[in-house]
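Below is one structure; the comments refer to it alone.
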Amino acid sequence: MRTHLCGQLEDGDVGRFIRLCGWVSRRREHGEHLAFVDLRDHTGTIQCVVDGSVDARSEYVVAVTGTLRRRPEGMENPNLATGGWEVGDCEIEVLATAEPPPFAVEDRVDVDEATRLRYRYIDLRRPRMQANLRLRAVVNAALRAAMDRMGFCEVETPLLWSPTPEGAREFAVPSRLHPGAFYVLPQSPQLAKQLLMVSGMDRYYQIARCLRDEDLRADRQFEFTQLDMEASFVNQDDVLGFVSESVLDAAEAATGERPPPIARMTWAEALERYGTDKPDLRFAMELVDLGEVFATTEVRAFAAPQGARRHAVKALVVEGGASFARSRLDGLVETAKAEGAKGLAWFKVTEGDGVVGLDSPLDRFLSETERTGLLAASGAVVGDLVLVVSDEHRLACTVLGRMRVALGGRPVGEGPYRYVWVVEFPMFDGVDSAGHPVPAHHPFTMPHPDDLDLLETDPAAVRSQAYDLVLNGWELGSGSVRVHRADIQGRIFAALGISAEQAEARFGFLLDAFRYGAPPHAGFAFGIDRLAAIFSGADTIREVIAFPKTQSGADPLTGAPKALSANALADLGIKTTVPAPER
RNA sequence: GGACCUGUGGUGCAGUCUGGAGUGCACGCCGCCCUGUCAAGGCGGAGGUCGCGGGUUCAAAUCCCGUCAGGUCCGCCA
């Protein structure tokens, strides 16, 4: 139907009789003897000149025939990639008429999210969205090529999986052939890929859809896509190497620039310096430890309470923050309290009569040593604001870590790109209602070899061989060395308070498999939505997903979720207890 | 489950604090004019349940209560 694409014309095509197909982007008529039509396809836009009037209106689908020519001197449009040419003496054939679109098919118009999703097919016509989806495809292709090159085999795993009551809430799928029973959609192919290791696949990967019925965020949808991988006879360094290779390949393909090798940081260091396990390294603003300054303090707010397990006094310097209004400072204090801190102290670094001083409600309680110690340790200078949290160590760090991002952060998709490996995650994270430790990653994570004996004595101190990949403050993905030995797995289940019977009921099929010869294995999975969003400069993954859901999990285009007919429900053996909402 | 922001012709906004006629801006749409524009230009025109419901008031886009929708975040996401 066409001889060329709008955006792929070349100087060598000048003089050729060509035929292009696409949508009318814009029409400019100059009376009955001259009209311009900007024709848009997925590759770009080009100006078509018609000697006469044009029946086609915006978003009509047309085929244009004419001769490509250089534009007359002085008529070039430097704002258009094809602005040096135009199609002359055009005949325009209308292939489909179109109603005026609900919003303009242009990048610069900012449209309400609900409207965009209701008319997603029009939204996706916009060059920006076209570029996003195509960039994502480039990322996918680069990832596949890298995995292929490293000897990984692509294997598909089931979407209809078995419930495993652990972790994220699962989407349930009723079984028609087994009324009353359910499949679930996998929150990840975790167990399947471990089975593939027992199967001798050696190196598996999959661009896998994962589904979790948890609340949505800018970086979280119900369904998301991961590059999922697992390899046998490898250690942590090997896995980090595989993932780095694939991610850096994708980065190079997407941005044209290969990032330097990805540095590593321990989880403890990330918490200490950035107050988070996903540090944004595009800016410094590191947390400062004031523990020494206030080690023997008389200031009650900064003193460790009796019997405190691990108390810390941490600080954050906000450059230029001395100008913050009292109301804004009050807001920060409220935020800190809302996040669980007992309080937040602030010190404005001021200067009066050539003397550097602190402006703070707490200043009069500080000794001179503490005053100079605070300034020296924090490095704050006149005009800065120092925020201080004195609390349980991890809480003090995380509260300030969030302030760091809130006060110094930038949109995630804004360059430069700063990757970092966060390694040596704790094995457990808090305790459940029964007092048992909760796995930070999953129960098949191998503890750090040096900490094995702490499993029984001090589980909270056990580090694991689990690791995260972080980019610009977003967690791209995580992985771990897996447990392949029954004895260690048993000790972990014991630490978790999972009995042999419970383990058998939940993961029996995996434990069974492991009895038949499980190779040491390790793996990783990272979010392609997030990676593609960051490469696209987007600040939500919806920008790189063709048909995403709203924050309430609805699809304005199809109306999903909807009620099922009584017949369909009966077929599935389902009886609902509430009427479906009308939308 | 919770906090905050937003909701006004098709689109994006102003108006809301401090109540007084659906007032305004830009784009789009429709008609006419226009032979080199390119976010074309000129003239004219149409288009409104101010998200929805209730309350206060002589009077509500504006104040109050509730509710719905979209967004950001907390919880949640092994």
Side-chain angles (χ1 to χ4, degrees), chain A residues 25-39 45-53 57-59 71-80 82-83 86 88 99-119 122-123 164-170 187-188 190-191 210-222 224 331 334-335 338-340 398-399 402 405-406 411 425 427-430 432 437-445 464 466 475 478 480 492 496 498 506-507 527 539-540 542 549-554 556 581-583:
Chain A
S25 173
R26 193 167 263 111
R27 177 184 61 159
R28 295 176 293 279
E29 285 197 302
H30 294 251
E32 47 188 297
H33 299 296
L34 176 67
F36 301 99
V37 169
D38 291 338
L39 182 71
T45 301
I46 183 147
Q47 172 166 282
C48 306
V49 186
V50 181
D51 299 324
S53 59
R57 293 169 184 263
S58 283
E59 299 309 311
R71 290 200 189 185
E73 186 84 24
M75 307 291 176
E76 301 88 354
N77 183 353
N79 300 319
L80 200 61
T82 61
E86 61 189 12
E99 292 178 18
F103 51 88
V105 183
E106 292 171 352
D107 288 335
R108 63 193 168 82
V109 299
D110 189 18
V111 186
D112 178 70
E113 191 79 10
T115 308
R116 290 180 63 190
L117 295 186
R118 165 78 180 79
Y119 300 98
I122 293 172
D123 192 36
T164 52
E166 276 284 323
R169 201 175 292 119
E170 295 166 323
Q187 33 184 301
S188 83
Q190 180 61 38
L191 300 178
C210 306
L211 300 108
R212 297 179 187 172
D213 188 3
E214 299 289 353
D215 286 2
L216 286 63
R217 289 280 195 284
D219 62 348
R220 277 161 38 188
Q221 285 269 309
F222 283 152
F224 58 99
E334 283 314 305
T335 304
E339 284 166 10
T398 52
V399 166
R402 283 188 179 168
V405 172
F425 268 65
M427 188 77 182
F428 307 106
D429 188 7
D432 63 17
V438 177
H441 188 54
H442 58 59
F444 312 108
T445 304
S464 68
E475 179 196 323
S478 58
S480 62
I492 293 170
L496 293 170
I498 297 176
R506 290 184 193 176
F507 320 110
D539 46 16
T540 103
R542 293 189 302 277
K549 308 273 187 292
T550 65
Q551 190 160 41
S552 68
E582 289 183 33
R583 243 195 303 278

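Here the structure is a predicted model, which means the values were calculated and not measured. Order of the sequence lines fixes the chain letters, A, B, ..., with proteins taken first and strands second; residue numbering starts at 1 for each chain.
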Next item on the list: Name the residue closer to the 5' end of RNA chain B, choosing between A:Arg542 and A:Arg402 according to the nucleotide with the nearest heavy atom.
Entry: A:Arg542

Check: Rounded to the nearest Å, what distance is computed from the CG atom of residue A:Asp219 to the C1' atom of nucleotide B:C74?
Finding: 14 Å

Next item on the list: Send over the distance from A:Arg28 CZ to B:U37 C1', rounded to a whole Å.
Entry: 5 Å

Next item on the list: Tell which nucleotide pairs with B:A69, taking only Watson-Crick or G-U wobble pairs whose two distances are both under 3.5 angstrom.
Entry: B:U6

Notebook entry, point to check: Which nucleotide sits closest to the side chain of A:His30: B:G71, B:U35, B:G75?
Noted result: B:U35

Next item on the list: Find the partner of B:U57: check Watson-Crick (N1-N3 plus N6-O4 or O6-N4) and G-U wobble (N1-O2, O6-N3) distances, both under 3.5 Å, and reply none if neither fits.
Entry: none

Notebook entry, point to check: Reckon A:Glu76 touches a base, only the sugar-phosphate, or nothing at all at heavy-atom distances under 4.0 Å?
Noted result: base

Notebook entry, point to check: Among all residues two or more places apart in sequence or in another chain, which pass the side-chain contact (heavy atoms from CB on, under 4.5 Å) test with A:Val405?
Noted result: none

Note to self: Please compare A:Gly553 and A:Ala440 by the position of their nearest nucleotide in RNA chain B and report the one closer to 5'.
What the structure shows: A:Gly553

Item checked: Any side-chain donor near an acceptor of the partner, A:Thr164 and A:Gln187, under 3.5 Å -> no

Notebook entry, point to check: Is it true that atom CD of A:Glu32 has more than 12 heavy atoms of other residues, nucleotides or ligands lying nearer than 6.0 Å?
Noted result: no

Notebook entry, point to check: How is A:Glu106 classified with respect to the nucleic acid when contacts are heavy atoms under 4.0 Å: base, sugar-phosphate, or nothing?
Noted result: nothing

Notebook entry, point to check: Between B:C34, B:G36, B:C76, which one does the side chain of A:Pro72 approach most closely?
Noted result: B:G36

List every contact pair, protein side and nucleotides 8-11 of chain B side both N or O, where the distance is under 3.5 Å.
from, atom 1, to, atom 2, distance (Å)
B:G10, O2', A:Pro102, O, 2.7
B:U11, O4', A:Pro102, O, 3.3

Checklist line | Base partner of B:G24, which must satisfy Watson-Crick or wobble distances under 3.5 Å | finding: B:C13

Check: Expressed in angstrom and rounded to an integer, what is the separation of A:Glu214 atom CD from B:C76 atom C1'?
Finding: 5 Å

Checklist line | Presence of donor-acceptor pair under 3.5 Å, side chain of A:Arg118 and base of B:G70 | finding: no

Note to self: Measure CZ/A:Arg220 against C1'/B:C73 and give the value in whole Å, please.
What the structure shows: 11 Å

Margin query: What verdict does the side-chain contact (heavy atoms from CB on, under 4.5 Å) test give for A:Asp123 and A:Phe103, after you've listed the backbone C-alpha separation in whole Å, the side-chain angles of each residue and the deciding distance to 0.1 Å?
Written below: CA-CA 8 Å; A:Asp123 192 36; A:Phe103 51 88; 3.9 Å; yes

Checklist line | By side-chain contact (heavy atoms from CB on, under 4.5 Å) - contacts of A:Asp51 (at least two apart) | finding: A:Asp89

Checklist line | Length of the line joining A:Asp539:CG and B:C73:C1', which is rounded to integer Å | finding: 14 Å

Notebook entry, point to check: Reckon A:Ser58 has a side-chain N or O less than 4.0 Å from the OP1 or OP2 of B:C29?
Noted result: yes

Notebook entry, point to check: Nearest of B:A39, B:C29, B:U35 to any side-chain atom of A:Asn77?
Noted result: B:A39

Next item on the list: Check for a donor-acceptor pair, side chain of A:Arg169 on one end and backbone N or O of A:Asp213 on the other, with a separation under 3.5 Å.
Entry: yes

Next item on the list: Mind checking the CG-NE2 spacing from A:Leu191 to A:His442? Nearest 0.5 Å is all I need.
Entry: 8.0 Å

Notebook entry, point to check: What distance do A:Leu117 atom CG and A:Lys549 atom NZ have between them, rounded to the nearest 0.5 Å?
Noted result: 10.0 Å

Notebook entry, point to check: How long is the line joining CD of A:Gln551 and P of B:G70, in whole Å?
Noted result: 9 Å

Check: Quick one: which of B:C76, B:C34, B:U72 gets closest to the side chain of A:Asp215?
Finding: B:C76

Next item on the list: Remember a base hit wins even if backbone is also touched, and classify A:Glu339 as base, sugar-phosphate or nothing at under 4.0 Å, heavy atoms.
Entry: nothing

Margin query: What contact category does A:Thr540 fall into here, base, sugar-phosphate, or nothing, at under 4.0 angstrom with non-hydrogen atoms?
Written below: sugar-phosphate

Item checked: Listed nucleotide nearest any side-chain atom of A:Phe36, set B:C73, B:U37, B:G71 -> B:U37

Notebook entry, point to check: Taking atom C1' of B:C77 as reference, at what distance in whole Å does atom CG of A:Asp213 sit?
Noted result: 11 Å

Note to self: So for A:Gln47 and B:U37, does any side-chain atom that can act as donor or acceptor lie under 3.5 Å from a complementary atom in the base?
What the structure shows: yes

Check: Is the phosphate of B:A69, meaning OP1 or OP2, less than 4.0 Å from a side-chain N or O of A:Ser552?
Finding: no

Margin query: Under 4.0 Å, heavy atoms only, any strand: does A:Arg57 hit a base, just the sugar-phosphate, or nothing?
Written below: sugar-phosphate

Notebook entry, point to check: Atom CD of A:Gln221 and atom P of B:U72: how far apart are they, to the nearest Å?
Noted result: 10 Å

Margin query: With rounding to the nearest 0.5 angstrom, report the CZ to CG distance, A:Arg542 to A:Asp219.
Written below: 10.0 Å

